[in-house]
Amino acid sequence: MSIVLSEQELQRRQALTALEQLGINPYPANAFEINATASDILENYERDKLNYKNIRIAGRMMSRRVMGSASFIELQDATGRVQAYLKRDDLCPDEDKTLYNTVFKKLLDIGDFIGITGFVFTTNTGEISIHVQELTLLAKSLKPLPVVKSADGKTFDAVTDPEFRYRQRYVDLVINPQVRDTFAKVSKVKTSIRDFLNERGALEVDTPVLQPIPGGAAARPFITHHNALDIPLYLRIANELYLKRLIVGGYDWVYEFSRNFRNEGMDRTHNPEFTVLEFYVAYKDYLWMMEITEKLFEHVALATNGNTTLQVGDQEINFAAPYPRVSIYDAIKEHTGFEVDGMDEGGLRDVCKQLGIPTTESMGKGKLIDEIFGEQCEHHYIQPTFIIDYPVEMSPLTKKHRSKADLVERFELMVNGKELANAYSELNDPIDQRIRFEEQLKLMERGDDEAMFVDYDFLRALEYGMPPTAGIGIGIDRLAMLMTNQQSIQDVLFFPQMRPEKGVKHAGLEDYKAQGIPEEWIPVLQKMGFNTIETLKAANPNKVFNDLGGLRKKMKLDIPMPTKEEVLKWFE
RNA sequence: GACUCCGUAGCUCAGCUGGUAGAGCAACUGACUCUUAAUCAGUGGGUCCAGAGUUCGAAUCUCUGCGGGGUCACCA
């Protein structure tokens with residue numbers, strides 16, 4: 001990040017000083033009470049004109065069109081943009097026209113926060129506008145915003161560079177209104193889920209993010225260290241085992257929006273931290289869970305988009321309940337022609353070979369079936385579909401199927417070719433659970449670095465008894481992507497993970513001062529490209545002295561020129 | 001992690017087969033009392049991502065690095 005200021009930044013800082021000299025505080029402490037918003041005015045003025053005679057509104061000045069003694073600006077607040085009209089002699093009824101001629105025309109810039117009072121009217125060209133009677137600077141903006149213009153629904157010079165947008169999301173939000181809309185919808189997805197669950201008596205809870213054993217999922221965790229306890233701690237990869245402990249404790253419906261952390265690759269659908277909604281309900285099974293899940297998704301679609309059918313990319317997806325249920329074996333049979341039900345590990349390995357799916361020695365039966373489904377079937381399920389009844393090997397926390405051998409009572413909800421939710425009748429048999437954990441240990445020994453750790457406290461909890469329970473995890477970021485029709489997880493997270501910005505190497509102010517350089521000349525040297533003391537010392541002192549004079553004139557700097565002897569000392 | 005594309009003014013982008021940079025918006029000076037991508041006249045603004053190499057000469061060619069996007073691998 002450069003500390004060297006651009007021409008426009010210098011101009012804005014000069015405007016800041018000029019404002020202070022006029023007795024105007026560019027960052028006043030006073031509250032500015034408003035009684036209207038942009039969208040309120042645009043929506044309601046026409047049918048209720050009397051109520052808009054005396055309005056107060058605040059926001060950023062986003063454009064300025066000056067025509068001598070009258071001007072139009074666009075004011076942007078949290079709700080949108082409204083045009084305002086300023087007339088010199090209305091704004092400054094007395095002799096002194098400084099507020100209009102100097103403050104407004106010269107010292108305000110695009111991006112500044114201002115508050116205005118006035119009355120609403122309609123211009124000759126038919127645009128609802130505010131006739132400004134008073135103008136107050138609320139906060140000066142020192143960095144120029146990208147200027148995005150639009151007309152007739154077309155947008156010009158929009159900032160689309162993903163790096164710019166994600167690193168400086170605050171700017172993205174200011175200049176790209178549809179981004180604010182997207183995040184409002186993301187928020188609506190979460191509140192609509194909370195409403196749905198709270199109405200049904202569920203209890204929202206918080207469980208540890210820092211866990212001594214990263215349990216509840218198969219994934220590589222982030223590891224950290226607690227100094228006082230002198231133990232390693234893991235950032236949670238899931239909260240499942242903690243929520244089930246709460247069911248043991250006697251709650252019958254708990255949920256948590258769990259920020260999870262997984263130390264794995266990043267791409268369009270993966271961020272190192274992401275949010276999963278999990279909920280657990282006592283005395284229910286996975287069949288009940290499918291019914292509540294399809295109702296929940298229908299509810300979320302209606303709450304966020306007002307419709308159960310929505311456009312996602314080039315697909316139209318209908319979230320209206322109910323959704324079809326297909327067993328994983330039937331899915332594989334339908335899309336590959338292979339009947340894998342009852343096959344042993346060797347047979348599955350052979351099927352993978354025929355389908356061209358690479359396998360490794362560490363893959364067990366469950367993993368092989370998972371691979372076949374993932375490669376050959378998953379992408380076919382565009383409309384919401386429950387894939388049910390998974391093999392026991394890939395589901396160590398799931399209750400065995402009530403009627404089908406070697407299967408568990410589990411479903412995944414597939415939408416748009418991707419897994420959106422994962423749920424099951426929870427395994428509550430502590431002896432079986434211990435055996436399943438031990439099988440995971442064996443997988444770990446075979447080299448599966450995602451096999452689960454054994455959580456003995458969780459086993460102890462199950463030994464006290466857990467009622468039959470249905471549980472589910474829903475990927476909230478991916479759900480938000482669907483509901484907002486975004487192609488990248490980065491567009492539903494305010495601050496997606498990025499490699500840290502590396503500033504160009506710069507000497508600090510103290511380094512310059514240590515060379516005996518007066519503070520006011522430091523920006524000039526930086527402007528000349530001497531960002532380190534080393535590069536300065538490598539330069540020709542005579543040339544530097546001459547250039548200082550040149551820049552002093554060019555930048556119209558009102559600071560005394562140092563003598564040549566003084567400058568020569570900088571090089572010692 | 002692999003492959004691939006990209007990095008030029010505050011922003012959006014030009015810049016051919018090498019001759020050290022242009023446009024629009026933004027900014028500055030001026031004109032203009034209902035404009036709306038306001039208009040008109042004029043002016044300034046650049047470590048062309050960084051470093052090395054080839055060359056008389058590099059924004060341009062080569063290599064290395066940094067940052068980002070896309071595809072794949074891993075995963076949710």
Side-chain angles (χ1 to χ4, degrees), chain A residues 2 4-12 14-15 62-74 81 83-90 106 109-111 121-127 129 131 141-152 154-167 171 175 217-220 237-238 260-276 358 370 374 412 418-422 449-450 473-479 481 487-490 496 498-505 526-531 535 554-556:
Chain A
S2 175
V4 181
L5 298 177
S6 70
E7 186 189 27
Q8 293 192 45
E9 287 173 300
L10 287 170
Q11 282 165 357
R12 286 181 180 223
Q14 282 159 13
M62 295 302 285
S63 74
R64 179 171 53 187
R65 295 183 287 275
V66 180
M67 283 149 297
S69 60
S71 301
F72 286 93
I73 62 167
E74 280 178 289
R81 286 191 188 187
Q83 180 173 266
Y85 173 70
L86 295 93
K87 198 170 166 185
R88 189 227 290 143
D89 297 334
D90 290 355
K106 304 280 184 208
D109 288 292
I110 288 176
F121 73 111
T122 306
T123 64
N124 290 343
T125 46
E127 179 158 348
S129 308
H131 192 118
S141 161
L142 293 181
K143 283 184 92 67
L145 282 173
V147 175
V148 180
K149 298 199 175 190
S150 57
D152 306 325
K154 273 181 287 187
T155 302
F156 302 87
D157 301 333
V159 176
T160 53
D161 175 21
E163 183 170 5
F164 188 110
R165 292 186 47 232
Y166 301 148
R167 282 197 197 282
V171 177
I175 61 179
R220 284 203 294 278
I237 55 173
N260 295 344
F261 306 83
R262 298 192 184 175
N263 205 341
E264 286 158 354
M266 294 164 60
D267 62 24
R268 218 173 62 238
T269 55
H270 296 83
N271 192 65
E273 55 184 295
F274 62 103
T275 303
V276 173
D370 193 36
E412 290 193 356
K418 283 251 186 294
E419 179 195 337
L420 238 182
N422 181 15
D449 60 354
E450 289 171 353
I474 297 170
I476 292 299
D477 310 292
R478 291 188 181 174
L479 177 61
M481 285 168 66
Q487 314 304 311
S488 170
I489 198 169
Q490 297 175 111
M498 286 264 175
R499 209 175 281 277
E501 273 180 281
K502 249 200 223 139
V504 186
K505 210 172 30 169
Q526 289 169 335
K527 185 83 189 168
M528 287 160 70
F530 299 121
N531 292 321
T535 53
K554 198 171 166 187
M555 293 165 76
K556 296 183 184 124

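Everything numeric in this text was worked out from a predicted model, so none of it was measured.
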Taking only residues two or more places apart in sequence, or in another chain, which ones meet [X] in a salt bridge (Lys or Arg N to Asp or Glu O under 4.0 Å)?
X        : value
A:Arg167 : A:Glu163
A:Glu9   : A:Lys143
A:Asp89  : A:Lys97

Inset, instruction - Would you check if the side chain of A:Arg64 reaches a backbone N or O of A:Ile110 as a donor-acceptor pair within less than 3.5 Å? - result: no
Close N or O pairs between protein and nucleotides 37-39 of chain B (under 3.5 Å):
{"unit_1": "B:A38", "atom_1": "OP1", "unit_2": "A:Lys149", "atom_2": "NZ", "d": "2.5"}
{"unit_1": "B:A38", "atom_1": "OP2", "unit_2": "A:Arg65", "atom_2": "NH1", "d": "3.0"}
{"unit_1": "B:A38", "atom_1": "N6", "unit_2": "A:Val66", "atom_2": "O", "d": "2.6"}

Review item, nucleotides 70-72 of chain B N/O atoms under 3.5 Å of protein N/O:
{"unit_1": "B:U71", "atom_1": "OP1", "unit_2": "A:Arg268", "atom_2": "NH1", "d": "2.5"}
{"unit_1": "B:U71", "atom_1": "OP2", "unit_2": "A:Arg268", "atom_2": "NH1", "d": "2.9"}

Legend entry - Side chain of A:Phe72 - closest among B:C13, B:U35, B:C25: B:U35
Inset, instruction - Test for a donor-acceptor pair under 3.5 Å between the base of B:A26 and the side chain of A:Gln8, counting only N and O atoms. - result: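 Counting by modelled atom types and ignoring angles, a donor-acceptor contact under 3.5 Å is found here.
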Legend entry - Base B:G68 paired with A:Glu163 side chain (donor-acceptor, <3.5 Å): no
Legend entry - With A:Phe72 via ring-ring contact (aromatic ring centres under 6.0 Å, His included) - residues at least two apart: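 A:Phe72 satisfies ring-ring contact (aromatic ring centres under 6.0 Å, His included) with A:Tyr85 only.
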Legend entry - Short side-chain N/O contact from A:Lys87 to OP1 or OP2 of B:U35, under 4.0 Å: no
Legend entry - Short side-chain N/O contact from A:Arg499 to OP1 or OP2 of B:G67, under 4.0 Å: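 It does, given that an N or O in the side chain of A:Arg499 lies less than 4.0 Å from OP1 or OP2 of B:G67.
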Legend entry - Integer angstrom distance from the C1' of B:A21 to that of B:C48: 8 Å
